[in-house]
Amino acid sequence: MAVPPQLKAVQHHYKTALEHDERDPVVAYYCRLYAMQTGMKLDSKTPECRKFLMKLMDQLELMKKELSTNESISQEIVGNAHIENYALKLFFYADNEDRSGRFHKNMIKSFYTSSLLLDVLCVFGELSEENLQHRKYARWKSTYIHNCLKNGETPQ
Amino acid sequence: TGTLASSVASAEQDELSQRLAKLRDQI
């Protein structure tokens, strides 16, 4: 389903959910939960947003039922650790590639996805100072390296 | 009509908030 323009701020988190439905349903679930919570704050009044959010809620309820035996879903504290570990794994993979001078699309995507998953961590509460810094760095790096590669420049 | 549409929107908003709280075991 298409994300309404009013909810553009969560479109990449929703896309990340779709990309992880098979690969890691726990990540897919919490990305949807973030999109849901944030989407409700952005716009839950216009008909297109209400329709989108209602469908998103249906998906979340269904996923929670299907994954009820998974502790990362039934206990949010376990889910918090799962998302944080996954986000940092992507971050350190990309950081290692960066420090080794290996610049490619996959590392850019890893930096960017880690920043999105650090956003998702906000559903569990305020981000730690360390995670705030990781998020800022990952987002900046993904944009910087993307622009360098696009312009044929070597990132510094 | 505007008032009716607004009432429907509010009711659906409440429904979403309740379902979200239930999903997160907050009620």
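To find a chain, count down the sequence lines: A is the first, B the second, and so on, and within it residues start at 1. Note that the coordinates shown come from a computational prediction; the quantities given were computed from them, not determined experimentally. All values below were derived from every heavy atom in this structure, side-chain atoms included, with hydrogens, water molecules and symmetry-related copies excluded.
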Inset, instruction - If the plane angle is over 60° it's perpendicular, under 30° parallel, otherwise tilted; pick one for A:H20 and A:Y86. - result: perpendicular
Inset, instruction - Look only at the side chain of A:H134 and the backbone of A:E130, and say whether a donor-acceptor pair between them is shorter than 3.5 Å. - result: yes
Legend entry - salt_bridge(B:E15, B:R19) N-O dist < 4.0 Å: yes
Inset, instruction - Count the heavy atoms belonging to other residues, nucleotides or ligands that lie under 6.0 Å from CG of A:L62, then report whether that count exceeds 12. - result: yes
Legend entry - Min side-chain heavy-atom separation A:M36-B:L16 under 4.5 Å: yes
Legend entry - B:S17 versus chain A, the contacting section by heavy-atom distance below 4.5 Å: both
Inset, instruction - Return yes when atom CD of A:E22 has more than 12 non-hydrogen atoms of other residues, nucleotides or ligands closer than 6.0 Å, and no otherwise. - result: no
Legend entry - Separation between CG of A:D43 and CG of A:L53, rounded to the nearest 0.5 Å: 8.0 Å
Legend entry - Positions in residues 94-115 of chain A that reach chain B, provided some heavy atom is under 4.5 Å away: none
Legend entry - Note, A:L116 side chain near A:R139 side chain (heavy atom, < 4.5 Å): yes
Inset, instruction - Could you tell me which residues in residues 26-35 of chain A have at least one non-hydrogen atom under 4.5 Å from a non-hydrogen atom of chain B, sorted by residue number? - result: A:Y29, A:L33
Inset, instruction - Determine yes or no for a side-chain-to-main-chain donor-acceptor pair under 3.5 angstrom, with A:K64 supplying the side chain and B:L23 the backbone. - result: yes
Inset, instruction - Using non-hydrogen atoms and a 4.5 Å limit, figure out which bit of A:M40 sits close to chain B: side chain, backbone, both or neither. - result: side chain
Legend entry - A:N70 side-chain N/O to A:S72 backbone N/O, donor-acceptor pair under 3.5 Å: yes
